[in-house]
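All remarks here apply to the structure that follows.
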Amino acid sequence: MMKRAIVTVVGDDKVGIIAAVSAKLSQFGINILDITQTIMKGDVFVMLALVDITHTEKPFHDIKEELSALGESM
């Protein structure tokens with residue numbers, strides 16, 4: 001059975017957000033099934049990604065922490 005999760009990204013728009021999040025998910029062996037993004041009010045980046053976490057060996061809590069750390073660093 002496939003295990004899925006939603007990745008939500010909200011913040012100031014800048015070059016490389018999707019690339020950085022995609023690269024981090026790839027490192028964990030997580031596949032992006034569907035992705036949507038928009039810019040709200042001219043400068044707020046919003047992204048939602050449906051991901052398949054079936055094959056990752058990384059605990060969900062660790063994935064969440066590392067993605068949060070990536071967001072803080074950006």
Side-chain angles (χ1 to χ4, degrees):
M1 176 167 66
M2 184 183 300
K3 291 191 256 179
R4 297 177 178 176
I6 301 289
V7 176
T8 305
V9 178
V10 178
D12 294 334
D13 186 28
K14 64 188 287 183
V15 173
I17 297 171
I18 295 173
V21 173
S22 296
K24 183 61 78 173
L25 293 172
S26 177
Q27 288 174 359
F28 299 149
I30 295 174
N31 187 39
I32 297 172
L33 302 171
D34 195 7
I35 188 169
T36 186
Q37 65 90 31
T38 191
I39 307 300
M40 298 178 71
K41 296 192 177 187
D43 62 351
V44 178
F45 177 86
V46 179
M47 180 185 95
L48 296 173
L50 175 64
V51 299
D52 176 2
I53 60 172
T54 305
H55 303 291
T56 186
E57 295 183 14
K58 192 87 121 153
F60 187 78
H61 181 265
D62 292 349
I63 294 167
K64 182 179 172 184
E65 282 188 358
E66 289 196 39
L67 287 172
S68 291
L70 174 63
E72 291 296 323
S73 72
M74 294 189 76

Closest approach of [X] to [Y] (non-hydrogen atoms, all atoms of both residues):
| X | Y | result |
| --- | --- | --- |
| Val46 | Met40 | CG2-SD, 3.5 Å |
| Gly16 | Met74 | O-CE, 3.9 Å |
| Ile17 | Asp12 | CD1-O, 3.6 Å |
| Leu70 | Ala20 | CD2-O, 3.7 Å |
| Thr54 | Lys3 | OG1-N, 2.8 Å |

Could you give the distance from [atom1] ([X]) to [atom2] ([Y]), rounded to the nearest 0.5 Å?
| X | Y | atom1 | atom2 | result |
| --- | --- | --- | --- | --- |
| Asp52 | Asp34 | CG | CG | 13.0 Å |
| Ile30 | Ile63 | CD1 | CD1 | 3.5 Å |
| Asp43 | Lys14 | CG | NZ | 13.5 Å |

Would a hydrophobic clustering, with Ile, Leu, Val, Met, Phe, Trp and Tyr connected at side-chain separations under 4.5 Å, put [X] with [Y]?
| X | Y | result |
| --- | --- | --- |
| Met2 | Ile6 | yes |
| Met47 | Val44 | no |
| Ile35 | Phe28 | yes |
| Val10 | Leu50 | no |

Thr56 side chain reached by Leu25 side chain, heavy atoms, under 4.5 Å: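 With C-beta onward as the side chain, the pair stays apart.
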
Heavy-atom check, side chain of Gln37 versus side chain of Phe45, under 4.5 Å: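 Counting from C-beta outward, Gln37 and Phe45 do come under 4.5 Å.
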
Any donor-acceptor pair under 3.5 Å from Ser68 side chain to Lys64 backbone: yes

Salt bridge (charged side-chain N to carboxylate O under 4.0 Å, His left out) partners of Glu66, counting only residues at least two apart: Lys24, Lys58

